[in-house]
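For the numbers below, each heavy atom of this structure counts, side chains included, while hydrogens, waters and symmetry mates do not.
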Amino acid sequence: MELTDKAVGFLLSFISLSIFTYYTFWVIILPFVDSDHFIHQYFLPHEYAIFIPVFAGVVLLCFLCIFIGFVKLKSKKKKA
């Protein structure tokens, strides 16, 4: 069990670091590279640099609100 926890933790850390590196390169470094450079074919248009995190944040906030609502409903049923 302990080994699988470490493996999952390593995998999640690796995925998070990869996403952070990709996004940082896309948003901060790529605007200074010439637009005809071949590296641009590996990245989405810059409009998505704002849209994707905002969409992910809204979805996360919705799931958080739904979770809190379910917890409040369950605690209310236990009291009654």
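Heavy-atom contacts from other residues, nucleotides or ligands closer than 6.0 Å to CZ of Phe51 number 12 or fewer.
Between the side chain of Ser75 and the backbone N or O of Lys72 there is at least one donor-acceptor pair closer than 3.5 Å.
Phe38 and Val33 fall within a single hydrophobic cluster, where Ile, Leu, Val, Met, Phe, Trp and Tyr are joined by side-chain heavy atoms under 4.5 Å apart, directly or via other members. Neither Tyr23 nor Val54 shares a network with the other; the hydrophobic side chains, linked directly or stepwise wherever heavy atoms of I, L, V, M, F, W or Y lie under 4.5 Å apart, form separate groups for each. Follow the hydrophobic side-chain contacts under 4.5 Å out from Leu30 and you reach Tyr42 in the same cluster. The cluster map of Ile, Leu, Val, Met, Phe, Trp and Tyr, joined by side-chain heavy atoms under 4.5 Å apart, puts Val58 and Phe67 in different clusters. No path of Ile, Leu, Val, Met, Phe, Trp and Tyr side chains, each step under 4.5 Å between heavy atoms, connects Ile66 with Val59, placing them in separate hydrophobic clusters.
Residue Leu11 is found in a hydrophobic cluster whose other members, listed by chain and number, are Ile15, Ile19; membership requires side-chain heavy atoms under 4.5 Å apart, directly or through intermediates. Here Phe10 is tied to no hydrophobic group at all, with no ILVMFWY side chain closer than 4.5 Å.
The OG1 atom of Thr21 sits 9.5 Å away from the CD1 atom of Ile29 when rounded to the nearest 0.5 Å.
Under the 30°/60° scheme for interplanar angles, the aromatic rings of His46 and His40 are found to stand perpendicular.
Of the options Trp26, Phe25, Phe20, a side chain to side chain contact (heavy atoms under 4.5 Å, CB included) to Tyr22 is made by Trp26 and by none of the others.
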Exercise for review: Please lay out, stage by stage, how Phe43 and Tyr48 fare under the test ring pair (Phe, Tyr, Trp, His ring centres under 6.0 Å).
Suggested key: CA-CA 10 Å; Phe43 295 92; Tyr48 290 104; over 10 Å; no
